[in-house]
2 protein chains.
Amino acid sequence: MRKELTAKGKATRNRIIEGAAEVLREKDVSVATLDDVMARTHTSKSQLFHYFPEGKDELLLAVAHHEADQVLEDQQPYLGCLDSWEAWQRWRDVVVERYEEQGERCPMGSLVLHLGRSTPGARDVVVTLMRQWQASLATGIRALQTAGHLPADLDVEHRAAALLAGLQGGVAILQSTGQADHLRAALDLGIEDLRRAAAA
Amino acid sequence: MRKELTAKGKATRNRIIEGAAEVLREKDVSVATLDDVMARTHTSKSQLFHYFPEGKDELLLAVAHHEADQVLEDQQPYLGCLDSWEAWQRWRDVVVERYEEQGERCPMGSLVLHLGRSTPGARDVVVTLMRQWQASLATGIRALQTAGHLPADLDVEHRAAALLAGLQGGVAILQSTGQADHLRAALDLGIEDLRRAAAA
DNA sequence: TCTCGACTGGACTGGCTGGTCCAGTCTACG
DNA sequence: CGTAGACTGGACCAGCCAGTCCAGTCGAGA
């Protein structure tokens, strides 16, 4: 990642990343080849290695970063303002819709799984993503607290963690079985239980 | 899968499956090769293709079946008798322990992800596994109902689905980040909320 | 206009790996 | 025994694919 990238160079680099992301949304990492990326982005091998000297893994890592950003962005503006029960409901709908549409393909998941521990920094992408995600949920819960909808002694982080786990699991099951029931159940009951905690 | 397998043949076939399972517990599917399996099981290529004429995918599918059985078996006898709050707690402990020990490697997950839609029957393995898993949880919740610990009008399947999602998500996060916090949070809050439903 | 270095094209290579083939051994059974 | 067919060994093949190399082109700044 040198600085000496021309505007043109930067554009090409981005085109490669985005093209690769598209490819990975269609086929699994283990099946996707550099040739696929080349075809999609109208670039040659030398360009790929020009912008990603470390080779495939470096490109894949860049794509992972790109996709991680995308994941959170796709939930906006809802994820950013979870300050009422209605807002939570809307967020739930968006999440369900997004992942139902995405279907079984999960670039992030397979990407990081594939890079694994071999590539330093791969794990960090997920760790950061999860932290940010959970932080957003926690912020939402706190917003409910300050609005007086939830008791102040609620263990916010614990709740947020469980909710995120349910969401992730729902998505995982959706991806491996094709059924969204679990995702819906996890989110609905997660929110419902939050409400119940309010009553308690 | 012909019938004409000698006792010796069966033994070899099983040795291959179990050896392959071991290999996949150490390295990802996309990295594991038939040579790895050969080395581990002291077999030759011709044997692999003798017992799995369809090649690698057929072997992998057999391993997936094997692993799916293993997953549920590892939770016994606890998963089978969730008839008291203490039993649920013990089950929780076993699950957490099992997956913490297993660490980031998840043969089932990557296996099915890798086989994907290309191999018919691959998805069925997960679907069946999830159904059985959820059924066991549902049975446990019903046991609590009949014991009078939970109200009779509780939506059992819905609860079981959400719990399973939380569990799966916790495992997924554990595997991709190395932290078991989410798994613990999901199970603890899942059970706690069940209890709260009892009070309601 | 000249020049340097960023940028691009595409042929080539080397290793890996799934899969094939055939020759040889063992074993259940008549 | 003997033999058919299950079982085993390992050499060999072919395709794929990441990565290399070099010969160019383009463009910004002196």
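To find a chain, count down the sequence lines: A is the first, B the second, and so on, and within it residues start at 1. What you see below is based on every heavy atom in this structure, not just the backbone, and it leaves out hydrogens, waters and symmetry mates.
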Per atom distances to the A:H50 side chain, the nearest of C:dT8, C:dG19, D:dT8 is C:dT8
Select base, sugar-phosphate, or nothing to describe what A:T33 touches, counting heavy atoms under 4.0 Å on all strands.
-> sugar-phosphate
What integer distance in Å separates A:L60:CG from D:dC17:C1'?
-> 14 Å
In whole angstrom, what separates A:L48's CG from C:dA11's P?
-> 16 Å
Of B:K8 and B:D35, the one whose closest nucleotide on DNA chain C sits nearer the 5' end is B:D35
DNA chain D: 5'-proximal contact among A:V31 and A:S46 (nearest heavy atom) = A:V31
Side chain to side chain donor-acceptor pair (under 3.5 Å) evaluation trace for A:Q168 with B:Q168 = CA-CA 8 Å; A:Q168 289 299 318; B:Q168 288 299 317; over 6 Å; no
Taken to the nearest whole Å, CD/B:E54 to C1'/C:dG19 is 13 Å
Where the side chain of A:K56 is concerned, which of C:dG18, D:dG19, C:dG9 is the nearest nucleotide?
-> D:dG19
So, is B:Q47 close to the D:dT8 phosphate, meaning a side-chain N or O under 4.0 Å from OP1 or OP2?
-> yes
Tell me: CG of B:L115 to P of C:dG18, nearest whole Å?
-> 13 Å
Any salt bridge between A:K27 and A:E22, counting N to O under 4.0 Å?
-> no
Of all heavy-atom pairs between B:F52 and B:E58, which one has the smallest distance, and what is that distance?
-> C-OE1, 3.2 Å
What is the distance, rounded to the nearest whole Å, between atom CD1 of A:I16 and atom P of C:dG9?
-> 10 Å
A:T12 has its side chain closest, among D:dC7, C:dT8, D:dA18, to C:dT8
Value in whole Å for how far the C1' atom of D:dC7 lies from CG of B:N14 | 16 Å
Within the structure, does a side-chain N or O atom of B:T6 lie under 4.0 Å from either OP1 or OP2 of D:dC7?
-> yes
Please state whether the base of C:dG9 and the side chain of A:K45 form at least one donor-acceptor pair under 3.5 Å?
-> no
d(CG, A:D36; C1', D:dC16) in whole Å = 12 Å
Would you call A:D188 and A:R92 a salt bridge, taking side-chain N to carboxylate O under 4.0 Å as the test?
-> yes
How many Å lie between NZ on A:K10 and C1' on C:dC7, as a whole number?
-> 15 Å
Would a 4.5 Å heavy-atom cut-off, applied to side chains only, mark A:R196 and B:D193 as touching?
-> no
side-chain N/O B:Y51 vs D:dT8 OP1/OP2, d < 4.0 Å | yes
